[in-house]
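These notes are about the structure you will find just below.
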Amino acid sequence: MRVYLRYAFKETTGNLWRNRMMTIAAVLTVAVSLSLVGSALLLKQSAAQASAQWQQGTRVTVWMEPTASQNEISSVQSQLADLPIVKSCVFYTQAQDYKEAVKLLPQDESTVLKPYEVPSSFRCIPTVPSNAFVVQSTFSSQPGVYSVTAPEQQIREMNRAIRIIQIVFLALAGVLLLSATVLILNTIRMAIFSRRREVSVMKLVGATNWFIRIPYITEGFIQGLLGSVVAILAVTALHTWYPLHNEFQLNTSALLGTNAVVLIVGVVIGSVGSAIAIRRFLDV
Amino acid sequence: MIRFENVSKTYKNGTPALKNITLDIEKGEFVFLVGASGSGKTTFLRLLLREELPDQGRILEAGRDIGELPKWRVPYLRRNIGCVFQDFRLLPNKSVFENVAFALEVIGRPRSTVDSQVPQILELVGLTDKSRNLPGELSGGEQQRVAVARAFVNRPLILLADEPTGNLDPANSESIMALLERINRTGTTVVMATHDKALVDRMRRRVVELDRGEMIRDQVRGVYGIDEGVLL
C-alpha cells in the first residue's frame, strides 16, 4: 500500500507538472465558472432573505386627496375596517402627514409645502403581503382617494431582475463548466498519451486496472479541487469586501453552504472529466 | 500447463487467424512456433495472454479455462506469464535497473523485494555493470536481455517470446537463446514464435508449425521446415 501511494503520488504530480500549461488552463476555467456559480447562489439567497424582510413590513398606504371631504374619508375608513384582508389601519391626519413630509423632504421643498396641501392617509397592514394588490385595486378609484401605494411591486420587480441576473450567471457557468470538463478531459488524455509506453508495459506485466487508472483520476480530481479552492477564495472575498445593502448581507452559514456546493461541483467535474478520459483513451 | 481445445479465431475483417487448434504443452517444455507471416503465431500468443478471446474452443492455463476468467482477474493471469517482443518495449527514460524494477513495482511488490530480486536477475542476464545505463546506451542484444530480465523477474510459470531474435545479429541471437534455455531449465515453460530457421534447426526442440491458421506439424524434436527435416 505504501509503495502504491508513493507511486501514485509521483505519477500524479509528475503528470500535473509535465502538462502544467493545460493544468493551469483547466484550473482557471474551473475557478471562473465556479465563481459564477457561487455568486449566483449567494445572490439568490441574499435576494430571498431581503425580500422576506421587506415583506414582513409591507404596508399599503391609501392617500386621500388633500381636498377630500370628511364624508369621503369616513367612507373609506369604514370600508377598510370591514375588509377582512386588512389586519389593521392607522389614520394619519393632514397635520401628521405634513410633519412626516417635512422630515423626509429636502428643506427647499418642505418650506414651500403648506399643511393643507398634504394628503391625509390610511397606513394599513394587510393579512398577507400579496393582499396589498387587492387593497390597491379596490380603493384607487374611490371618490376622494388620490392614490394607493404598495412596496410589493418594487420587491417583485427587483426579484425579477435578480432572477434574470441569476439565470445569466448560471447559464454562463454551465457553459464554462462544460468547457472546464473538456479541458480536464484533454489534460488527462495528454497525460495518458505521453505515458502510453508505460501503460502498455504495465498491462503486460499484470498491473491491475485500478493501479493504472488511479493516478489519472487523482490528476483530474486535483485539478477540480484546485479550481474550486480558487473559486471559494473569490466568492468569500466578494462576500467580505463588497458587502451589499444590510438587508442583503448573509450570515456565515449561508456562505459556508455556498462554498460547500462550489467545492463539490469542482471535485465532481474533475473526476467526471478524468473518468471519461480514462474510459475513452485508456484501454485497460 | 497450456492446453488448446479446438480453438478457432477469426478477426472482425473476416480473415481466419487460427483454425481448430488442439494442442498440449507440458510444464517445463520449450516450444517453437514457426510459420510464415500471417500464419497465426502472434494470434496464438495473444490468446495465451488473453488479449483476445477465441471464437470457438477453450484455452486452459494451469488447469483453468482462461475464457471464464472475469476481466478483473486478467492482470493476475498475466503475472504468471512473461513476455518478450522483437522490439524490446523498454521504457527509454528509465535505467536498466528501473526498467526491470518497474515490472515488480506496478504489481505492488515492496521495495525490499525489488532491491533483492532485480540485482539477482540482472546478474543472470549478465548486465550487472550496466544497471544504471539507459536502454539507448545499450546494444540491441543487451536491450533484449533487459527485456528478458523484466519478463522473468517475477518468476512466471510461462515465458512467451514473439520473434525475440528478429532484430538481432547471430551472436546476439545466440546469447538470447542461451538465456531462454537457462530460464527453461528452471522449470519455466517457454513458447517462442520465430522465423529463425538456423536457430530452430540447431536447438532440436518441439516445433509447432502453423500455416494460414492451421496447425500442419507438431514435432517433438523438430527443425524449421519439413523438407530439411527429411534431408537430415
Side-chain angles (χ1 to χ4, degrees), chain A residues 1-23 187-221 271 274-284, chain B residues 45-46 48-51 66 69-85 87-94 98-115 117 121 135 146-162:
Chain A
M1 196 62 198
R2 255 187 55 223
V3 177
Y4 182 56
L5 287 181
R6 188 153 14 124
Y7 163 82
F9 178 78
K10 213 174 67 186
E11 285 296 291
T12 306
T13 49
N15 285 343
L16 285 170
W17 180 246
R18 213 182 341 268
N19 294 326
R20 54 195 174 277
M21 282 303 166
M22 283 292 285
T23 299
T187 50
I188 308 294
R189 187 177 72 160
M190 282 173 68
I192 291 171
F193 189 73
S194 69
R195 322 225 77 190
R196 62 195 182 284
R197 293 180 76 110
E198 272 96 331
V199 170
S200 75
V201 170
M202 286 164 87
K203 283 196 292 187
L204 203 65
V205 298
T208 56
N209 292 347
W210 283 108
F211 190 99
I212 301 174
R213 284 175 185 148
I214 279 174
Y216 299 108
I217 292 194
T218 317
E219 190 185 338
F221 181 88
S271 310
S274 53
I276 296 173
I278 279 164
R279 281 189 70 90
R280 287 192 55 191
F281 307 110
L282 192 67
D283 179 27
V284 293
Chain B
L45 298 180
R46 286 173 65 86
L48 282 175
L49 277 171
R50 206 181 179 275
E51 287 186 350
I66 63 165
L69 217 57
K71 229 181 148 176
W72 66 272
R73 294 285 311 171
V74 172
Y76 298 94
L77 170 83
R78 291 190 184 145
R79 289 179 191 187
N80 287 320
I81 307 175
C83 272
V84 181
F85 299 93
D87 55 358
F88 320 138
R89 302 203 188 168
L90 299 175
L91 302 175
N93 51 348
K94 287 188 192 294
E98 286 166 341
N99 261 287
V100 178
F102 189 67
L104 291 175
E105 283 162 359
V106 300
I107 58 172
R109 294 284 180 270
R111 191 80 233 166
S112 57
T113 310
V114 174
D115 286 340
Q117 290 295 306
I121 205 86
V146 177
V148 172
R150 182 180 65 191
F152 192 59
V153 70
N154 192 33
R155 312 285 159 163
L157 299 170
I158 303 170
L159 189 79
L160 304 181
D162 193 358

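Below, read A as the first sequence line, B as the second, and so on, with proteins coming before strands; counting in each chain starts at 1.
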Item to complete: Let me know if B:Asn80 has heavy atoms under 4.5 Å from chain A in its side chain, its backbone, both or neither.
Response: neither

Please report, to 0.1 Å, the donor-acceptor pairs under 3.5 Å made by any side chain of residues 148-157 of chain B, with sequence neighbours excluded.
residue, atom, partner, partner atom, Å
B:Arg150, NH1, B:Arg89, O, 2.7
B:Arg150, NH2, B:Phe88, O, 3.3
B:Arg150, NH2, B:Arg89, O, 2.9
B:Asn154, ND2, B:Arg79, O, 3.0

Discussion item. With a 4.5 angstrom heavy-atom cut-off, is it the side chain or the backbone of B:Arg109 that approaches chain A, or both, or neither?
Written reply: backbone

Worksheet item: So which part of B:Leu90 gets closer than 4.5 Å to some heavy atom of chain A, the side chain, the backbone, both or neither?
Response: backbone

Worksheet item: For B:Pro135 and B:Lys94, which heavy atoms make the closest approach, and how far apart are they?
Response: CD-O, 3.0 Å

Worksheet item: Would you call B:Glu51-A:Lys203 a salt bridge at under 4.0 Å N-O?
Response: no

Response to the item:
So salt bridge (Lys or Arg N to Asp or Glu O under 4.0 Å) across residues 7-16 of chain A, not counting sequence neighbours, yields A:Glu11-A:Arg195

